[in-house]
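A short write-up of the structure that comes next.
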Amino acid sequence: MARLAREYGEAYAIPLSIARPLIKNNIANKTNLPAPSIAVACLLQNALQSLDEYTFNAPAISSSPNKRSRRSAANAAHRKCVRINFDKTNGVLSITDYGVGMTRADLINCLGVGGEKVALAPVVPQTENDFDDEDDSTFSQPGGGIDISPEALGGFYSALASIGSSVQVGTKSKYDEYYTFEVGPRFDEVESVEEERTMDKFYISKDLPEGTLPSIHNGFEAFSAVTGEAGTRVSIKLTPPALLDPLFSTPSSLQSLVETIFDSSDYNYIFGDSEEASKIDERVRELRGKFQQQESKNDDNNSKNNSNSANGEETNFYLDDQFGEQFSSSSAEEEENDDDDGLEDRMNQNDTFGDSTPALLPHMTVSHRSKFIPLRLSLNERKMFRLVEAAITCTDYTSTVDSSGLKDSKRQHMKLKGISNVLLGLVLACDNGNGRDCAEEGLDGFKANGKAIQTMFEIARRHKVMNPEKMRSEYGKLLYLIQDAVSPTIKPELGFSVKKELSTVYSFLQQRGGEKLLDDKYIEVATLEILPDKDKNRSQIQREIRQKEKAVEHLKQKYNNHNLSMDEIHTCLYSICDNNSFLNSNRLPIDKVIVYLKKYFDPHTVKTGYSLAIVNGQEGSRLSHSHERQYYFALQSLTLWRDIMDDMFRLWKLAEDDILSETTTYTLKDTGQGVQRVQQSPRSYKAMTGILRNIQNSVDNWIGSSVIHMGDHNVPNALNFIDKYTQVPRILSPIVVCLENLDKNEDKGVIRLINEQYGGLDNLKMDILHDFFTSAFDGSGAETYYDAGSCIDGRLTSAWNWCQSLQSKPFYPIFKLTGFFGFDGEFK
């Protein structure tokens, strides 16, 4: 990296307990090193922890932000993206995060573990023999050698000892200058003849003049460089043995590890050789050119410009702001014209408030979404599904084993008996002879059919995820049966696990070498759901259908191989199309209700008789909100539900992982809703927290509580969580259907009824919407204020409470006349 000339810096001694493993492993390589994957995971976890610090501990944005802070708020998604660059030619792995960064004191006391300053003087490189007379007992492994595990040295030094010959850390904290921290020989172009670097010291230097932020015009234009007010880059020079490891043999190997780590994280990542990185590099060159043009046009004012640059003023082109434009849904023009302060300007700065992040981010690409999209069932699999569904319908497993008053030994016996009965029925239905053998052998007989049982249960779970409206009672019994079967007390008795990962589009293609299909430029066209639109004529819709068919045929011809047939590609494409259909059908009612809210109500103008204000204690309300505050409370709640729908397949996968965890068990408790299985759900909770945080970052003032109930008496486990939010479209769809059918109504009798009893069509619509936006978001629906109120779960509880009281509303006959038959739908 080209930089300004810098001071040589200061040298500090690394504590002996850390320096000795570094030198011994670097010179003699005499101990079994941890796997390189563990080393890389340690570095990535450090980056994620820094992002957590920034996300949860950073000061809140001012209610009257200036132009730069507004841009930073709009571009928050950019900061949540970890940059990973592997330069195989030079053997350097770089990981950059835009978290809190480190101060000079942090580098010395945390990263340098409190090393003492030493003189900069030529030294003779130490050898292994220099340490032989010391006592190794404090850090040696029981079997001999040096313990360089993360538990012994910490993640950073364990990674360095495992795969690195030297390391360089560039970091900038909001509260300090930009510093470089180095251990071992230099590996960049900055050379020094003052001292030969060894592994028993770390060096700290300040690269920029005081008060200067790192930016593209002072040498920080590289993809992995830290720019702006905070961030950290860790570059580690890999040892020759590490470079020979399969993890670093191909970019895909390293990327696979990174994907595994980030799958359970709220953050994103970009690889240096990816398309997104190319766009960033292109943007850097463009900004660099603009800066050079600016300098050439203002040669007479160079001194002034340099002074401004040194003070970090607006003449700098900061990547922290410029790159963020690619990650934000707000345009530059909107940011320039955004001069109003307060709650309204953030909520109304564009009509797509709360939309998901643009497709540039990895989690919104087809390739990433396909990891959570179940594969369509084949004909044979549908036969298996019907068998499992019939078996689960017949059993009363959960009502038997979850009944109160049973002793643990009795409950354990009933679980084993119930599980074995279901498994035996499935095996008998598939193969009568094999089933008789299983009946004679007892539990031992099921082990030989383990894979078939896993597959049958996986097919049923996959069908449910693809069709949330199906198996509404059977799915819970199935999941609880599998939960017990993989528990630490039952699994050893069975001798095998009945759990199997869901077959997704991504895993199916990856196994057959066809994952590049998901990055093809025609994938969006081939998986598009073509919907009827009043703004399109028949010829336009037919043209879109032909384009989709051509795209599908093109992809089938291009990517089929001896492992992947054209029919299998067709199944994968239409599985993705099924997912798009789910998103459209479940998100559409929420979008329409948001449109109704914005169309019929204004936060600052109250129509006579239609104020959204609510008062605690009146008409069942648990909250007190002004008209404006209630407007935004309803809008934020609807936007949160919409983003949950967008991410439902990922949330469902994480929910199943929590429910079917082999380590996190449940307890039976009477929650007031009967005896429930109360179980902690860390994966689902973390994902839900990330979605909520994204919404909160989109507004100046979040209204209401941010408490997410999960694993308590309100939402006992992840299954209840999924069941709750799949009901959102069932709540909103009847309202949308009623209002739309009123517009289409031509029955003269109904028109006369509306005019005489409700004062006309517009007044009727206002009555329905006013009642919904006040009573469905008033914190009601539970016995205590803690259980209802404005918490995340309580908002949905209030909406259900409104549904239950619909029959008492004066406009209920209108719902019946427009085709309403209930909110809950069919259970089959």
Side-chain angles (χ1 to χ4, degrees), residues 259-260 262-266 268 355-357 359 361-377 381 385 457-472 475-476 478-479 499-510 515 517-518 523-524 526-529 571-591 640-660 681 683-692 694 710 718-730:
E259 287 178 354
T260 301
F262 276 81
D263 272 349
S264 58
S265 168
D266 295 329
N268 305 299
D355 280 354
S356 299
T357 314
L361 290 177
H363 77 276
M364 290 303 296
T365 62
V366 174
S367 179
H368 185 84
R369 286 196 301 118
S370 65
K371 296 176 183 178
F372 310 104
I373 298 176
L375 197 65
R376 269 189 177 185
L377 270 60
E381 286 177 333
F385 160 70
F457 283 156
E458 184 271 335
I459 289 171
R461 289 162 49 213
R462 179 156 38 109
H463 176 83
K464 171 62 178 179
V465 177
M466 296 177 68
N467 304 274
E469 73 282 0
K470 305 293 185 181
M471 295 179 65
R472 293 184 60 190
Y475 178 68
L478 172 65
L479 217 57
K499 182 177 69 174
K500 179 182 178 182
E501 288 294 320
L502 290 184
S503 179
T504 63
V505 172
Y506 185 88
S507 62
F508 183 84
L509 290 174
Q510 188 181 43
E515 64 269 25
L517 161 70
L518 300 169
I523 187 71
E524 296 283 356
T527 57
L528 179 68
E529 184 187 23
T571 300
C572 290
L573 293 176
Y574 278 86
S575 297
I576 299 174
C577 192
D578 291 342
N579 175 250
N580 290 334
S581 177
F582 168 85
L583 295 178
N584 285 332
S585 60
N586 286 269
R587 175 185 168 128
L588 192 60
I590 308 175
D591 285 332
L640 175 63
W641 296 349
R642 181 174 64 181
D643 281 14
I644 291 173
M645 286 297 109
D646 280 340
D647 214 10
M648 179 54 72
F649 278 33
R650 182 175 73 97
L651 290 172
W652 203 313
K653 194 266 183 187
L654 296 175
E656 281 205 348
D657 288 345
D658 284 327
I659 285 285
L660 304 182
S681 307
R683 300 172 184 85
S684 304
Y685 181 84
K686 184 176 181 180
M688 188 66 180
T689 302
I691 294 173
L692 175 62
N694 288 337
M710 200 172 296
L719 175 62
N720 295 83
F721 162 75
I722 288 296
D723 183 60
K724 256 184 177 300
Y725 284 98
T726 53
Q727 296 176 31
V728 171
R730 298 191 192 113

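Side-chain atoms are counted along with the backbone in the values below, which use heavy atoms only and exclude waters and symmetry mates.
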Quiz item: Measuring from S581:OG to N586:CG, what's the distance to the nearest 0.5 Å?
Solution: 9.0 Å
Exercise. Return the orientation label for the F649 and F582 ring planes: parallel under 30°, perpendicular over 60°, tilted otherwise.
Key: tilted
Quiz item: Can you tell me if T689 uses its side chain to pair, donor with acceptor, with the backbone of Y685 under 3.5 Å?
Solution: yes
Exercise. For F508 and C572, work out which heavy atoms get closest and say how close.
Key: CD2-SG, 3.5 Å
Quiz item: Is L640 close to I691 at the side-chain level, that is, under 4.5 Å between some pair of heavy atoms?
Solution: yes
Self-check item: Expected output: side-chain R461 to main-chain K500 donor-acceptor under 3.5 Å
Solution: yes
Quiz item: Under 4.5 Å between any side-chain heavy atoms of M645 and I590, yes or no?
Solution: yes
Quiz item: Would a 4.5 Å heavy-atom cut-off, applied to side chains only, mark Y725 and M688 as touching?
Solution: yes
Quiz item: Are the side chain of S367 and the backbone of L518 linked by a donor-acceptor contact shorter than 3.5 Å?
Solution: no
Exercise. Check whether any side-chain heavy atom of F385 lies under 4.5 Å from a side-chain heavy atom of K470, and answer yes or no.
Key: no
Quiz prompt | SB check D646 R642 (cutoff 4.0 Å) | solution = no
Self-check item: Separation between OG1 of T504 and NZ of K653, rounded to the nearest 0.5 Å
Solution: 9.0 Å
Self-check item: Flag side-chain contact, heavy atom, 4.5 Å: L573 against T527
Solution: yes
Quiz item: Can you tell me if D723 uses its side chain to pair, donor with acceptor, with the backbone of L719 under 3.5 Å?
Solution: no
Quiz prompt | Given D578, L509, V505, the one that forms side-chain contact (heavy atoms from CB on, under 4.5 Å) with L375 | solution = V505
Quiz item: What are the two closest non-hydrogen atoms of S575 and P374, and how far apart are they?
Solution: CB-O, 3.7 Å
Practice problem: Rounded to the nearest 0.5 Å, what's the gap from CG on L660 to NZ on K499? Could you check? | Solution: 6.0 Å
Exercise. Could you tell me the separation between the CG atom of L479 and the CE atom of M471, rounded to the nearest 0.5 Å?
Key: 9.5 Å
Exercise. Output the distance between atom NZ (K724) and atom CE (M710), rounded to the nearest 0.5 Å.
Key: 11.0 Å
Exercise. Using modelled atom types only, decide if a donor and an acceptor are shared between the side chain of N579 and the backbone of I373 within a distance under 3.5 Å.
Key: no
Quiz item: What is the minimum heavy-atom distance between A718 and S684, and which atoms define it?
Solution: CB-OG, 3.8 Å
Practice problem: Keeping the roles fixed (side chain from S507, backbone from S503), state whether a donor-acceptor pair exists under 3.5 Å. | Solution: no
Self-check item: For R462, the option from E501, E381, E656 that meets salt bridge (Lys or Arg N to Asp or Glu O under 4.0 Å)
Solution: E381
Quiz item: Do R369 and L583 have side-chain heavy atoms sitting under 4.5 Å apart?
Solution: yes
Exercise. Drop me the distance from I523's CD1 to L528's CG, to the nearest 0.5 angstrom.
Key: 11.5 Å
Practice problem: Could you check if a side-chain atom of P468 sits within less than 4.5 angstrom of a side-chain atom of W652, using non-hydrogen atoms only? | Solution: yes
Quiz item: Does the side chain of T726 come within less than 4.5 Å of E469's, by heavy atoms?
Solution: no
